[in-house]
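Read the numbers this way: they start at 1 and go in the same order the structure lists the ligands and their atoms.
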Amino acid sequence: MVNNELIVLTLAHVLPDLTPEQISEKLESPKSSDLGDVAFPTFSLAKLLHQAPQKIATDIVSKIDQTKFEKIVATGPYVNFFLDKNETTRTVLSTILKEESDFGRNTDGDGHNVTIDMSSPNIAKPMSMGHLRSTVIGNALANITQKNGYVPVKINHLGDWGTQFGKLIYAYKTWGSEDEVKADPIATLLRYYVEFHEKASIDETLNDEGRAWFKKLEDGDLEAHELWQWFREESLNEFTTIYERLNIEFDSFNGEAFYNDKMDKVIDILKEKELLVTSQGAQIVDLSDVNPNLTPAMIKRSDGATLYMTRDLAAAIYRKETYDFSKSLYVVGGEQREHFVQMKSVLSLMGFDWATDVEHISFGLITFNGKKMSTRKGDVVLLKDVLDDAHDLALKQIQEKNPALGNKDVVAEQVGAGAVVFHDLMNDRTNNFDFNLEEVVRFEGDTGPYVQYTNARAKSILRKSNHDVIGNYLVLDDNDTWDIITTLNAFPSTVQRAWQQREASIIAKYSLNLARAFNKYYANSKILTDDAHLNARLGLVKSVTIVLTESLRLLGVQSPEEM
Ligand code: ARG
């Protein structure tokens, strides 16, 4: 909050026992706006000062310098600050107009790296809605991380290794065809995989064939390796079209296979620390000392094959060595909670003190019109179809609202994809939710298109005005304006909170609030009237578009100029 600095300074004069940081941490928003703009609760000072909170609050108010505020009052145990509206408006707007898209940036991260394991779909399968969540949550967190002064490293830990590729190779070699795969790679490979499971449920021996082919692959058999390579490339091509539509880029595509030659090191350390135990032929790490409810971590199967866990341990160590991260995030669905608890526990047992910097960023399940999806049975909702349908729904509304718009298809894509992304980020990430496309792409209500539309409307006012906003003399003090000013003022602390809680939804909700405040103002005022306050009103509109555009950018949603 821009103006919290003034409040902190003012309070520091009468509270010499507290540091400015301690004061700043305690500031909060009052329960309702008629109680003031910022509240300072005194409960925690009672012990220090040997006084009742109410008494502390009245004492502070009697001593404090009120000159730069509208007023400062004690309400029970709170000191409530009413900001000087003119003064605040001037500072908030001139700061935003000067800093533009840098507004809200801070240096908390001090340039440290944060690795973000995100998206990470499994090759030869369509990307699921779950992987879409991981992709968009990861991307938004990366942007938020950066805004807080860290350097994000976006890693796509592709699921490109495991017994399923043995099954796939067997299926392809036994009843597949090159032409079929080339024509429609992922759908065809998925069909082979599904057919394999159908056949294996009748004839058990197929599983042995699949395992044998995976063993060949692991041992470097040329034919197996070439097929695997081909499936991987075709899969990446299809994933890339989705990433392009969502405007998402990665810093690394090192998937599970990348760690094939990096697992011996893991096994060596585990042996050296005497952590490996043999159980029914398999190598495991017992975790009951860490937590009696934790099942052991499986490191090697009885046939010697390594596992998802082994590759993840190798990846965690590789990331620390390569990026020296200050935090290592894994954006993965809640169903893998135990896997990450195990992984962190093994890393600490191995003696890596940075294990505490590893965080599972869990998220809830998306159902599609009430149904969960499963690739084994083949009943999948394809992301491509979701984005295509979102595009069409957006286009329909644009045609109704703005038939003269020139680049309708481009805008429909920005709005359609933006709607899907925004909806995904709008709720607390651990919530489960059902996906209904009609609702997601609506231009009214709590949607991405609503925020985009509001932003486009503000931009069009600026275009119509044909006026360059002058950064000083920005005086406005009606109530609708004040609502916008306090919301704009809260952007920097909102950016901090979004990172502290690893919640992109905080930014999404913020953008909805700002859009609502602006639409109320827009409905009640004549912005373009040529009077003494025209420049100030346009300064307000411009500040709103700057902060809305930046909020949407943090979420990974584009801002069309017109729609
Ligand atoms: N490919 C995995 C899956 O689809 C997700 C990988 C998540 N990242 C990791 N480092 N384990 O379930």
Side-chain angles (χ1 to χ4, degrees), residues 114-139 141-142 152-165 167-168 186 189-190 193 228 231-232 235-236 238-239 242-243 248 250-260 262-263 266 297-299 306-323 325 327-347 352 354-355 357-366 372-377 380-383 429 502:
V114 172
T115 53
I116 306 178
D117 184 307
M118 51 181 272
S119 197
S120 310
N122 301 319
I123 65 166
K125 282 187 195 174
M127 218 192 284
S128 69
M129 291 298 273
H131 293 120
L132 173 76
R133 290 215 77 186
S134 169
T135 312
V136 304
I137 295 173
N139 185 55
L141 283 179
V153 183
K154 296 189 270 183
I155 304 173
N156 196 330
H157 188 78
L158 287 175
D160 56 5
W161 207 250
T163 31
Q164 69 269 34
F165 300 107
K167 295 176 184 174
L168 195 59
I186 295 199
L189 294 175
L190 175 66
Y193 188 66
W228 169 81
F231 297 159
R232 187 180 190 274
S235 305
L236 256 184
E238 277 200 41
F239 296 155
I242 303 261
Y243 296 141
I248 291 178
F250 294 87
D251 298 297
S252 161
F253 279 93
N254 288 340
E256 293 189 42
F258 178 77
Y259 298 99
N260 278 341
K262 296 173 183 62
M263 283 179 290
V266 175
M298 269 263 243
I299 305 295
T306 55
L307 292 145
Y308 184 54
M309 174 65 79
T310 331
R311 290 187 281 278
D312 252 336
L313 290 168
I317 297 168
Y318 176 84
R319 287 173 194 175
K320 183 65 194 177
E321 286 173 351
T322 311
Y323 304 108
F325 56 69
K327 293 282 170 211
S328 180
L329 312 186
Y330 291 77
V331 187
V332 185
E335 67 281 0
Q336 292 192 31
R337 193 189 150 270
E338 177 155 45
H339 170 77
F340 288 105
V341 176
Q342 291 175 320
M343 183 181 96
K344 275 185 79 158
S345 308
V346 176
L347 289 169
F352 296 118
W354 48 263
D357 298 323
V358 171
E359 289 178 32
H360 175 204
I361 307 295
S362 170
F363 55 79
L365 191 76
I366 307 189
K372 199 189 155 181
M373 300 175 300
S374 131
T375 36
R376 281 219 181 172
K377 293 204 205 89
V380 285
V381 178
L382 297 180
L383 285 185
R429 60 180 155 74
R502 318 287 194 253

Which pairs of donor and acceptor atoms, one on a side chain in residues 129-137, lie under 3.5 Å apart (sequence neighbours left out)?
| unit_1 | atom_1 | unit_2 | atom_2 | d |
| --- | --- | --- | --- | --- |
| His131 | ND1 | Ser128 | N | 3.4 |
| His131 | ND1 | Ser128 | OG | 3.1 |
| Arg133 | NE | Asp424 | OD1 | 2.6 |
| Arg133 | NH1 | Gly364 | O | 3.2 |
| Arg133 | NH1 | Arg429 | O | 3.3 |
| Arg133 | NH2 | Asp424 | O | 3.0 |
| Arg133 | NH2 | Asp424 | OD1 | 3.4 |
| Ser134 | OG | Ser119 | N | 2.6 |
| Ser134 | OG | Val331 | O | 2.8 |
| Thr135 | OG1 | Ser119 | OG | 2.8 |
| Thr135 | OG1 | His131 | O | 2.5 |

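- Summarising the geometry, atom CG belonging to Leu189 is positioned 6.0 Å from atom OG belonging to Ser235; distances are rounded to the nearest 0.5 Å.
- Residue pairs satisfying the salt bridge (Lys or Arg N to Asp or Glu O under 4.0 Å) criterion with at least one member in residues 332-341, sequence neighbours excluded, are absent.
- Applying side chain to side chain contact (heavy atoms under 4.5 Å, CB included) to Pro152 and the options Thr115, Asn139, Leu141, Ile116 leaves one that passes, Ile116.
- Although no hydrogens or angles enter the test, the distance criterion places a donor-acceptor pair under 3.5 Å between the side chain of Trp228 and the main chain of Asp160.
- Within the structure, every pair that satisfies the salt bridge (Lys or Arg N to Asp or Glu O under 4.0 Å) test and touches residues 307-323, not counting sequence neighbours, is listed here: Asp117-Arg319, Glu256-Arg311, Lys265-Glu321, Lys320-Asp324.
- Around ligand 1, the residues contributing at least one heavy atom under 4.0 Å from the ligand are Asp117, Ser120, Asn122, His131, His157, Tyr308, Asp312, Tyr330, Val332, Gln336, Phe340.
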